[in-house]
Amino acid sequence: MNRRTFLASAATLAAPQSPVVMTVRGPIAASSLGLMLPHEHLFSMFGEDPAEHAQYDSDALLAAVVPYVKSVQKLGCATIADATAAYFGRAPRILKTLSETTGLRIVTNTGYYGAANDRYVPKFAHDESADQLAARWIKEARQGIGASGIRPGFIKLGVDAGPLSAIDRKLIVAGARAHKATGLVIAVHTGDNSASVEQQLAILKAEGVSPSAWIWVHANQCKDDAAVTAAAAQGGWISLDGLDPATLERHFALCQLLKQQGKLGQVLLSHDGNSFRAGGKRPMRPYTELFTGLLPKLQSAAFSPDEIRMLTVENPARAFAIRGLPFVNLRMP
Ligand SMILES: [Zn+2]
């Protein structure tokens, strides 16, 4: 290496790299995400038969979702992480169209959903190794999903109730390895299963992955407050993402508890809403309660503007920022 090349590469290494989040329209600075809902479903076919390529009536879908998204944007939402995983309705091209049509920033995912009794885990995942599964997700992260060129911004996994099954354990190991190669955060549908939280964190530790790269999805469903604060104490993200009028008090109580513990910087708030469900078995589930219910309630309980900003803007930006060296492969548009 000659001196000029050395200086150039040294400058590249020394250059401060501001954190980046991968959206369906490419990488953007994490600081520009604005208010973000970190766990919603813009659409899904959850409850329908698993399908590698989801079939939607895209005209009907867009006719329902575009006006709804616009109404949520009017409340202040700028970015949504879409938690609809492969095999129950992920459709990156429709997400991109939605983003282009509305201006909403959208983050999609890679990984497999092992909850719902593994219904949406593809058959080959039972036979392949954790490394083979990780390789599939790493390929999506680097080259895009299918031929779409659209890259995921997080790893979405799911586990069933009780101790981790063999397949659920393999998914967590694969997620840890895919994280190390891509820097994408690992969000695991876990719910009221604190025993599996312990197991998941032990796997991450064995794989050399920080708990700060892991999100306990649906932690609001856990009835054991000590388990929630213990996971936060270990450094994990606590996703309180089932907001609706019926769960408002529980979300509020958990926000207060985590504030008392000094862990507000690890809390994510969302609804697990769904603005279009193929098959139409259940009515759409709104994602507005944060704006109309929880934030006003937090403000009246003396949560400061800085704390509200932390919960709704800064925490999601930090949670979804791509970690480590993978940054160098990202080209900003
Ligand atoms: Zn969900």
Side-chain angles (χ1 to χ4, degrees), residues 24 36-48 50-51 54 56 61 64-65 68-69 72 77 79-92 94-95 98 104 106-121 152-161 168 171-172 175 184-193 196-197 200 214-222 236-248 250-251 254 267-290 294 315-316 319-320:
V24 294
M36 176 172 175
L37 297 175
H39 188 116
E40 310 295 348
H41 301 264
L42 287 151
F43 49 82
S44 85
M45 38 168 277
F46 197 79
E48 303 300 308
Y56 292 103
L61 188 158
V65 179
Y68 186 71
V69 161
V72 181
C77 178
T79 303
I80 285 180
D82 186 81
T84 296
Y87 295 90
F88 74 81
R90 184 183 64 164
I94 300 179
L95 290 175
L98 263 174
L104 181 76
I106 300 173
V107 183
T108 188
N109 66 84
T110 188
Y112 301 142
Y113 181 84
N117 298 317
D118 307 314
R119 183 177 183 195
Y120 295 108
V121 175
F154 66 110
I155 299 164
K156 165 81 189 282
L157 308 175
V159 299
D160 282 310
D168 290 353
L171 294 179
I172 302 297
L184 299 183
V185 71
I186 310 159
V188 187
H189 168 113
T190 301
D192 186 13
N193 187 353
S196 101
V197 165
Q200 291 179 47
W214 169 86
I215 302 173
W216 179 352
V217 172
H218 310 322
N220 48 289
Q221 293 172 359
C222 182
W237 288 96
I238 306 300
S239 186
L240 308 177
D241 49 38
L243 255 174
D244 65 24
T247 62
L248 176 62
R250 179 60 179 156
H251 283 74
L254 283 167
V267 174
L268 299 170
L269 299 175
S270 217
H271 307 80
D272 198 17
N274 194 337
S275 39
F276 186 88
R277 186 188 285 263
K281 282 185 182 154
R282 275 194 265 167
M284 72 92 77
R285 188 177 144 79
Y287 32 98
T288 52
E289 184 68 17
L290 177 77
L294 186 62
N315 287 356
F320 284 80

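What's counted below: heavy atoms across the whole structure, side chains too, no hydrogens, waters or symmetry copies. Both counts, for ligands and for their atoms, begin at 1 and track the order of listing.
Formation of a donor-acceptor pair under 3.5 Å by the Asp168 side chain with backbone atoms of Asp160 is found in this model.
To the nearest 10 degrees, the Zn ion (ligand 1) sees OD1 of Asp272 and NE2 of His41 at an angle of 90°.
Ring geometry for His218 against His189 counts as perpendicular: the plane angle is over 60°, on a 0 to 90° scale with 30° as the lower cut. Note: Tyr287 and His271 have tilted aromatic rings, judged against thresholds of 30 and 60 degrees for the angle between ring planes.
For the Zn ion (ligand 1), the N/O/S atoms of Asp241 include none lying under 2.8 Å. Counting backbone and side-chain atoms alike, His189 contributes no N/O/S atom closer than 2.8 Å to the Zn ion (ligand 1). In summary, His39 places an N/O/S atom under 2.8 Å from the Zn ion (ligand 1), meeting the contact criterion.
Atom OH of Tyr120 sits about 7.0 Å away from atom CD of Glu48, to the nearest 0.5 Å.
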